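In this text, all values refer to a predicted model and were calculated from it rather than measured experimentally.
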Amino acid sequence: GIPEMQRWKHINISYNFTDNNEDVAYTYRVTIPNVYARLTMDFEGFLQLSTWNPTTSEWSLFWVSSVRDCNIYEICTSYSYCDTNKTPNCNCIKGFVPGNPQEGASGNSFTECVRKTQLSCRGDGFSLLTKVKLPTTIGAIVDKRIGLKECEERCINDCNCTAFANTNIQDGGSGCVIWTSELTDI
């Protein structure tokens, strides 16, 4: 969840995160009868919570997700991560460099990151990234039955694999998620 969502409790909205064999979902509901709320995402990727005002017959904006740059969906290009403590905020992950060195040197956060060396699918390895959000999981493969070691082995044996991680980092970690496409929104 997003820490700022704690404020939702003041208007009696409860939210729930479900993670089981069949679903991974984030849901919310209003707990007061005759109160209506809607959660939308604008074109810049900001979540907006509005409540219905029956007096004016209009939606009133109650909350907007944080405006910090790293919370904006895909603020950085593929194979780069966002860090508000660095300038520029977007930096290529290890093994990648700015596609246009002049843009990278000028502090342009939107420069494309390209691989330093071509993959050979033999002897290639992975770099550990810590304290970053996981990339977009569109098209990712999830197997909750295996651990990180087997996940890494599967990834190494798949020439299309671009990254892997635990699905749950609590209690030493469990499950496996494998990416086989560009890594975006890190």
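How far OG1 of Thr40 is from CD of Gln48: 4.5 Å, rounded to the nearest 0.5 Å. The structure places CZ of Arg145 at 13.5 Å from OG of Ser174, a figure rounded to the nearest 0.5 Å. The distance from atom SG of Cys82 to atom CG of Asn91, rounded to the nearest 0.5 Å, is 8.5 Å. To the nearest 0.5 angstrom, Leu47 atom CG is 8.5 Å from Asp42 atom CG. Taking CD1 of Ile178 as the reference point, atom OG1 of Thr137 lies at 13.5 Å (rounded to 0.5 Å). Between the SG atom of Cys161 and the CG atom of Leu119 there is a distance of 10.5 Å, given to the nearest 0.5 Å.
For the residue pair Cys113 and Ser80, the shortest heavy atom distance occurs at SG-CB, 3.6 Å. Ala37 and Leu49 get closest at one heavy-atom pair: CB-CD1, 4.1 Å. Contact between Cys176 and Ile146 at its shortest, heavy atoms only, is CB-CG1, 3.5 Å.
Using a distance-only test at 3.5 Å, with no hydrogens or angles considered, a donor-acceptor pair links the side chain of Thr162 to the main chain of Ser181. Checked by atom type and distance alone, the side chain of Ser120 pairs as donor or acceptor with a backbone atom of Arg122 at under 3.5 Å.
By the salt bridge (Lys or Arg N to Asp or Glu O under 4.0 Å) test, Lys131 pairs with no residue at all, sequence neighbours left out. By the side-chain contact (heavy atoms from CB on, under 4.5 Å) test, Leu128 is found to be paired with Thr130, residues two or more places apart in sequence or in another chain being considered. The salt bridge (Lys or Arg N to Asp or Glu O under 4.0 Å) search around Asp83 returns none, not counting sequence neighbours. Every residue meeting the salt bridge (Lys or Arg N to Asp or Glu O under 4.0 Å) condition with Lys144, not counting sequence neighbours, appears here in chain and number order: Asp19. Phe126 is linked by a ring-ring contact (aromatic ring centres under 6.0 Å, His included) to Phe164, counting only residues two or more places apart in sequence or in another chain. The side-chain contact (heavy atoms from CB on, under 4.5 Å) test applied to Thr55 returns Asn53, not counting sequence neighbours. With sequence neighbours left out, Arg154 forms a salt bridge (Lys or Arg N to Asp or Glu O under 4.0 Å) with Asp143, Glu150.
Through side-chain heavy atoms spaced under 4.5 Å, either directly or across other Ile, Leu, Val, Met, Phe, Trp or Tyr residues, Trp179 is tied to Tyr79, Tyr81, Ile93, Phe96, Leu129, Val132, Leu134, Val142, Val177, Leu183, Ile186. Other residues sharing a hydrophobic cluster with Trp59 under the 4.5 Å side-chain heavy-atom criterion for ILVMFWY residues are Tyr36, Trp52.
For residues 174-186, the salt bridge (Lys or Arg N to Asp or Glu O under 4.0 Å) pairs, not counting sequence neighbours, are Lys133-Asp185. Evaluation of the salt bridge (Lys or Arg N to Asp or Glu O under 4.0 Å) test over residues 87-98, restricted to residues two or more places apart or in two chains, returns none.
You'll find the side chain of Thr184 reaches within 4.5 Å of the side chain of Ser78, heavy atoms only. Looking at heavy atoms from C-beta onward, Thr180 lies in side-chain contact with Asp158 at the 4.5 angstrom threshold.
For Ile138, the CD1 atom counts as loosely surrounded, since its 6.0 Å shell holds 12 or fewer non-hydrogen atoms of other residues, nucleotides or ligands.
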